Each structure stands twice: as C-alpha cells, then as structure tokens.
Amino acid sequence: MSIQQVSSFAAGQWITPGAGARNIASAITGDVIATAGNDALDVQSMLDHARSVAGPALRALTFHDRARMLKALAAHLNQHKQTLYEASFDTGATQNDHMIDVDGGIGTMFVFASKGRREMPDGQVYLDGDVEQLSRHGTFLGQHICTPLQGVAVHINAFNFPVWGMLEKLAPTLLAGVPAIVKPATNSCYVTELAVRLMLDSGILPAGALQLVSGGLGDMLDHLGMMDVVSFTGSANTALKLRSNPVILENSVRFVAEQDSLNGSILGPDATPGTPEFDLFIKEVSREMTTKAGQKCTAVRRIIAPSAQVEAVIEALSARLAKTTIGDPRLDSTRMGALVSNSQKRDVLEKAAIIGQEATRVYGDPDNFAVDGADANKGAFVPPMLFHCADPDNAQRVHDTEAFGPVSTVMGYRDVDHAVALVNKGQGSLVASVITHDPEVARQVALGAGAYHGRLYFNNRDSMNESTGHGSPLPHMVHGGPGRAGGGEELGGVRGVMHYMQRTAIQGSPDILSAVGQTWVPGSTEIKGPAHPFTRKFGELAMGETLHSPSRIVTVEDIETFANFTGDTFYAHMDDDAAKRNPFFPGRVAHGYLLLSFAAGLFVEPNEGPVLANTGLDNLRFMKPVSAGDSIKVRLTVKKKTPRNEEYGEVRWHVTLTNQDDEQVAEYELLTMNAF
C-alpha cells in the first residue's frame with residue numbers, strides 16, 4: 001500500500017513532507033497510511049504572503065463580494081463531497097459521521113454566505129449600532145464601525161472534524177476580509193488537505209487567502225502581531241500553552257479558544273419513564289455517546305437525572321447502547337467506528353480509569369466487546385462505556401476529567417436547584433441540555449446555569465421532530481463557553497465575523513459619518529435630484545437624494561373616515577374629552593397609521609416606473625401627536641442602496657414627517673426594490 005504524502009500550501013507553493021515529518025496510521029487497521037510535516041516551512045514568508053498579497057485583495061472586496069465567494073466555494077465542495085467521504089473513513093468515522101463533518105461544514109459556509117448578503121452591507125464598513133447624538137443641535141455625532149483586521153488568522157483545529165472544523169472558522173474569517181492559515185490536527189490532516197486542494201483548485205479564492213500547514217506550526221506564533229488572530233480548538237492544556245506565548249501576550253494578539261468541556265444533559269423531573277421526554281432523553285444521550293465515537297467537543301459527558309430515575313436511565317440507556325454495532329466504518333451495518341488513533345484509544349482508557357475511581361462502570365467492557373470487519377486490538381476501537389456516580393456532590397474526577405470518546409457518567413439529583421449545581425460543577429461548558437416539558441423547569445435552569453454554559457439546549461415532545469440535537473453547533477448561534485470551555489466564541493452569524501474585525505468609535509459631523517459608513521445620516525447634505533426619485537432607476541439614485549413634499553392639512557373628517565373605514569375607533573381619535581384626560585394627547589388626534597398613509601400619498605409617484613415593490617418599514621416612531629387642523633409634510637431621502645441581483649436592488653429611504661411648525665411628528669425607514 002502506498003503511503004500518502006500530505007503536503008502543506010505555503011506562499012503559493014505545495015510543500016511535501018520533509019524533516020520532522022511524522023507517520024499517520026489508519027484508525028481501522030493501525031497501518032501507516034500517510035506522512036505529514038516539514039520543519040523547513042518558511043513561516044515568516046507565509047505570514048508576509050497573507051498580509052501583503054491576500055489581505056489587500058480581500059479588503060478590496062465588499063462583504064457581498066466575499067459572501068458570493070463563500071457561496072461559490074461551498075457549491076464547489078458540495079460537488080466533491082463524495083471524495084471527502086471516501087478520504088474520511090480511515091479516521092474511524094462512519095458515513096453518518098462524514099455527513100456531520102463534510103455536509104455540516106459546507107452547510108455552515110452556505111449560511112455565512114447568506115447572512116453576509118442579508119445582514120451585512122454591500123460595502124467595506126460594517127455599522128455596529130445606531131448613530132449617537134453627541135451634541136445638542138446634531139452637528140457632532142458618533143457611530144461605531146467595524147473594519148477588517150489587517151493581519152492573518154491562524155486556525156489551529158482539532159482532529160475530530162477535519163472539514164467542519166476548518167470551514168466553521170474559515171467562513172467568518174473570509175467574510176470579514178482576513179486571510180487564513182489553517183493548521184489541522186496531524187492525525188486527520190489528509191482529509192483537510194484534500195478539502196483545501198479542492199478549494200484552491202476552484203480558482204475562487206484570491207492568492208494567499210488560504211494557506212495550509214500539515215504538521216507542526218514551528219515558531220509561527222512567535223511572529224504574530226496586533227493585527228493577527230489565533231483561533232484554537234483542542235485541549236485546555238494545549239490552549240494554555242499557546243495563549244501563554246510571550247509574543248501573543250506582549251502584542252495582545254486575539255486568541256479565541258474552544259477547548260475541553262464536561263457537557264451535561266439534565267432529565268427534567270417531569271420526564272418520567274413512559275413520557276415522550278424520557279424516550280427522547282435516552283435517544284439523545286445515546287446518540288451523543290456514539291456519534292464520532294464520542295469524539296465531539298459537545299458530547300454529553302455527564303448524565304444528570306432525578307435520583308428516582310437513575311436506575312431506569314441506566315437500564316434504558318444500556319439497552320440502547322447494546323444495539324450499537326461497532327466495526328469497520330465502511331460497513332453499512334456499522335453504527336460506531338473507531339477513535340482516531342491508538343494513542344487516542346490509550347488516552348480514553350486512561351481517563352475512563354480515572355473516572356472509575358469515583359464511579360462504577362455499569363455498561364461497556366473495553367476488554368470484551370465485538371468489532372465487525374476489523375481487529376479490535378489493531379484498530380483504535382473501544383465500546384461505549386457508561387458509569388454511575390453515586391455521590392456526585394463529593395466527586396471531583398467526574399466533573400473535571402474528560403474521556404474524549406464514548407464515555408459518560410450518570411448521576412442523580414434531588415431537585416432542580418441540585419441539578420443546576422451539578423451541571424455547573426463542570427466549571428464552564430460548551431452546551432448543557434435539558435429535556436423537559438415544563439417551562440418553569442427550563443426557566444429555572446436558564447437563570448441558574450446560563451452563566452456557566454455557552455449554549456442551553458431545551459427539547460421536548462413539541463420540538464423534537466425538528467430539533468437539531470444537543471451536540472450540533474449551528475452557524476446561526478454562538479459556539480463556545482466560559483471557564484473550562486475556553487472563554488471564546490465562534491459562529492453566531494455576524495457575531496462570528498466580528499472576531500476578525502476591529503470595532504472603532506468614529507466621531508464627527510453628519511457628512512463625515514455618512515461618507516465613512518456609506519449610509520446617509522440625518523443632518524447630512526441633501527441632494528436634489530433631476531426628477532422624482534421614484535422615476536429613477538437603482539443605479540441613478542444617489543445617497544442623500546431627497547424629495548420634500550407639499551403640505552397636507554389633516555381634518556376631523558379625515559380622522560373619522562379612517563376610523564370608520566378601518567374599525568380603529570380608539571377613544572383618543574374619537575372622544576375629545578377622553579383624549580384630553582390622557583397625558584399624551586391635547587384632545588382628539590389623528591391615527592398614526594393615517595399619517596403614514598397620508599405620507600405615502602404625499603411622496604408616491606403613481607405611474608409605472610422602476611419601483612417594483614414596497615418590502616418593509618423599519619424603526620417607526622411617533623414623536624408628536626397631530627390634531628385636526630394641523631398640517632404634515634414629508635422629507636424622503638435615499639439612506640442606503642444594496643444590490644440584490646442583476647435585475648434590482650434594495651433602496652432604504654429615510655422618511656421624516658413634520659408639522660406646520662417644522663416639528664418632527666414621525667420617522668421611519670421605507671424599503672423598496674428598484675429596478676436597475
């Protein structure tokens with residue numbers, strides 16, 4: 001059998017293994033299948049290439065350009081995922097495990113591409129929050145903006161998800177406009193290398209946007225500066241060693257860590273045997289123990305059940321685990337494959353023995369179990385192992401020792417407060433789950449345990465058919481946790497992109513803020529267009545282009561007609577005496593929605609034109625009531641333009657209604673789709 005040479009991609013060149021290379025064995029057979037590593041990599045050249053070549057190219061693109069790039073990458077990988085599946089079997093993963101890793105990673109890229117187009121501007125500056133009024137007359141304002149870091153992101157990934165682990169970091173990094181150097185764990189780096197080759201061969205990425213280190217990083221961290229980021233997934237000990245690097249400390253290099261986690265799952269006191277919740281709990285815990293052979297940072301390590309249900313949980317969970325077929329992951333019948341390596345197998349057995357000092361193993365014997373289609377002694381196979389801790393309050397090892405494999409411990413609790421105390425004894429986790437149909441139990445856990453966990457997952461009969469599972473980090477939601485879990489955050493939609501950007505407070509005049517953010521700010525210069533703005537195509541409209549409407553008097557007849565037509569006969573519009581008793585009104589006032597309708601009548605151009613549809617109204621506020629006899633007029637300004645496709649774009653209009661005394665009575669933002 002030929003041995004694969006797993007290369008690195010550095011400064012535009014593929015570099016084969018050299019001095020310092022190490023062998024990689026198949027998790028199934030124990031035979032050497034690949035070699036990776038090269039101590040001669042020029043890490044400074046890699047960093048310079050990323051900073052000087054890729055960085056400027058990425059920053060020249062808009063967020064939407066980068067989002068389209070991510071979508072194209074995801075689509076390209078999707079076409080080749082079968083190749084990635086085939087390469088992944090030697091990691092010990094099953095076909096279902098591949099789908100979590102490969103399909104999950106590709107899906108994450110698609111989500112970030114979509115969020116980039118929908119939630120970020122088609123520009124190079126991201127506005128974070130509203131404009132702040134810093135002066136009485138509005139000539140001096142403040143705004144928070146985010147711009148890409150002008151460095152490189154070094155991604156250090158774990159062995160368990162060679163594709164998802166890379167893509168979930170890479171997607172927000174590239175969307176932010178920052179190049180990445182990816183360093184996968186050596187044991188599974190041959191899968192990551194294949195995924196990187198696919199992306200590079202696609203020609204979609206700018207030169208230097210993605211580089212790969214297969215093997216050790218050498219002294220790369222010693223060359224990082226204030227504009228760089230390290231994003232790490234792995235053990236707490238390795239994270240501590242890396243983040244303690246004097247250069248990282250001295251230069252305040254951003255360090256995002258996702259590390260060991262003693263995640264817990266709580267069976268609610270209402271979830272007794274025979275309920276849908278009890279059955280769901282057994283199913284979820286079993287799945288978390290056996291998926292990826294328990295090699296998931298989100299796997300359930302501590303099973304927390306009412307004391308009265310501990311015996312039933314052990315019995316039901318043992319029966320379900322007994323149906324798990326262990327074997328060669330290429331076999332269709334296999335439900336759990338091997339650990340990634342024999343060294344990992346030794347580590348899991350050592351950690352299980354430590355847990356066994358405080359708990360009794362009630363299921364799974366690592367010295368006596370069946371393996372289909374492979375040799376249990378040569379491959380990195382272990383059975384699911386279930387422990388029972390009778391005294392979790394005084395135990396320590398079950399709350400601080402993670403056997404990174406199919407190992408979990410059952411423990412009992414007296415009441416919900418006790419369950420919360422037990423789940424928090426892990427000193428910070430990525431996720432804790434609660435299976436309950438009682439909303440008050442969920443609220444009690446959220447208040448008591450929320451600060452200790454990066455994610456709380458609640459599930460029951462109402463949500464179980466659509467829920468994604470305790471162990472599934474979603475790109476929309478943050479992934480990370482406090483304390484032992486590393487104190488970092490990944491994913492979370494646009495929140496994940498912010499880790500690779502700098503938030504800056506800018507202060508200045510309305511015109512300055514408008515120019516920097518490419519979004520018109522009230523008080524900025526207004527532009528008078530050559531014709532009604534609704535007659536002008538998307539590309540013809542300029543930011544700040546403004547229409548001032550004529551005035552319209554609001555009459556009693558208008559108010560009563562609107563009330564009778566709509567059925568909105570609220571007393572403030574119909575009863576003068578009652579309205580006067582309301583401290584907000586001088587007497588009968590016009591409906592707020594009547595004013596919006598009149599505003600539309602004042603600024604709308606009725607003839608067919610480039611305005612295709614009104615798609616929304618945001619940030620509506622009513623500031624001053626309008627009484628019969630008052631007049632209103634409208635200022636309509638192009639606030640922002642966002643292309644959506646080749647045919648039309650979104651125009652965000654700032655709309656202000658003022659009365660006869662030029663006092664503002666209402667304000668909102670109108671969204672329209674305009675043809676190019």
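Computed from a predicted structure; not experimentally measured. In what follows, every heavy atom counts, from backbone to side chain, and hydrogens, waters and symmetry copies are set aside.
Using a 4.0 Å cut-off between charged side-chain N and carboxylate O, Arg495 and Glu489 make no salt bridge. Between Asp577 and Arg581 there is no salt bridge, since none of the side-chain N atoms of the basic residue sits less than 4.0 Å from a carboxylate O of the acidic one.
Checking each of Arg503, His144, Met120 against Tyr126 for a side-chain contact (heavy atoms from CB on, under 4.5 Å) leaves exactly one that passes, namely Met120.
Although no hydrogens or angles enter the test, the distance criterion places a donor-acceptor pair under 3.5 Å between the side chain of Ser261 and the main chain of Leu430. Within the 3.5 Å criterion, the main-chain N or O of Ala531 finds no donor-acceptor partner in the side chain of Thr535.
Side chains of Arg254 and Gln502: a donor-acceptor N/O pair is present below 3.5 angstrom, by distance only. Side-chain atoms of Asn459 and Ser463 include a donor-acceptor pair closer than 3.5 Å. Counting only N and O atoms by type, the side chains of Asn674 and Thr672 include a donor and acceptor under 3.5 Å apart. For Asp65 and Thr62, the side-chain atoms include at least one donor-acceptor pair closer than 3.5 Å. Judged purely by distance below 3.5 Å, without hydrogens or angles, the side chains of His654 and Glu667 pair a donor atom with an acceptor atom. Between the side chains of Thr555 and Asp558, a donor-acceptor pair is found at a separation under 3.5 Å. At a cut-off of 3.5 Å, with distance as the only test, a side-chain donor of Ser524 or Ser514 sits close to an acceptor on the other residue. Under 3.5 Å, the side chains of Glu168 and His479 contain no donor-acceptor pair of N or O atoms. Looking only at atom types and distance, the side chain of Asn263 has no donor-acceptor partner in the side chain of Thr298 under 3.5 Å away.
Contact annotation: the side chain of Thr139 never approaches that of Ser509 to less than 4.5 Å [non-hydrogen atoms, C-beta and beyond]. The shortest distance between side-chain heavy atoms of Val556 and Arg588 falls below 4.5 Å. The shortest distance between side-chain heavy atoms of Asp103 and Lys81 falls below 4.5 Å. In this structure the side chain of Leu594 reaches within 4.5 angstrom of the side chain of Ile559, judged on heavy atoms. Taking the side chain as every heavy atom from C-beta outward, Leu491 and Phe112 approach each other to under 4.5 Å. Counting heavy atoms from C-beta outward, Asp630 and Val665 have side chains that stay 4.5 Å or more apart. The closest side-chain heavy-atom distance from Trp653 to Leu541 is below 4.5 Å. Side chains of Thr108 and Leu167 form no contact here, defined as non-hydrogen atoms less than 4.5 Å apart.
Taken to the nearest 0.5 Å, the CD1 atom of Ile527 stands 7.5 Å off from the OG1 atom of Thr546. Rounding to the nearest 0.5 Å places OG1 of Thr656 at 7.0 Å from CE of Met623. Rounded to the nearest 0.5 angstrom, Gln518 CD and Lys641 NZ are separated by 10.5 Å. Atom NE2 in His548 sits 3.5 Å away from atom CD in Glu526 (nearest 0.5 Å). We find the NE2-CG distance between His573 and Asp568 to be 4.5 Å, quoted to the nearest 0.5 Å. Taking NZ of Lys624 as the start and CZ of Phe584 as the end, the distance is 13.5 Å to the nearest 0.5 Å.
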- Item | Audit row: Gln133, Leu141, side-chain contact (heavy atoms from CB on, under 4.5 Å) steps and yes/no | CA-CA 5 Å; Gln133 187 92 5; Leu141 305 173; 3.8 Å; yes
- Gln660 and Ser551: CA distance, side-chain angles, deciding distance, side-chain contact (heavy atoms from CB on, under 4.5 Å) verdict: CA-CA 8 Å; Gln660 65 278 1; Ser551 298; over 6 Å; no
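Other residues, nucleotides and ligands contribute more than 12 heavy atoms inside 6.0 Å of the CZ atom of Phe278.
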Could you tabulate the donor-acceptor pairs under 3.5 Å formed by side-chain atoms of residues 601-616, not counting sequence neighbours?
from, atom 1, to, atom 2, distance (Å)
Glu605, OE2, Asn607, N, 3.1
Glu605, OE2, Asn607, ND2, 2.7
Asn614, OD1, Gly616, N, 3.2
Thr615, OG1, Leu671, O, 3.4

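For Ala75, the side chain to side chain contact (heavy atoms under 4.5 Å, CB included) partners are Phe110, not counting sequence neighbours.
Listed by first and then second residue, the salt bridge (charged side-chain N to carboxylate O under 4.0 Å, His left out) pairs that reach into residues 116-126 are Lys115-Glu119, sequence neighbours excluded.
Ring centroids of His532 and Phe534 are separated by less than 6.0 Å, placing the two rings close together.
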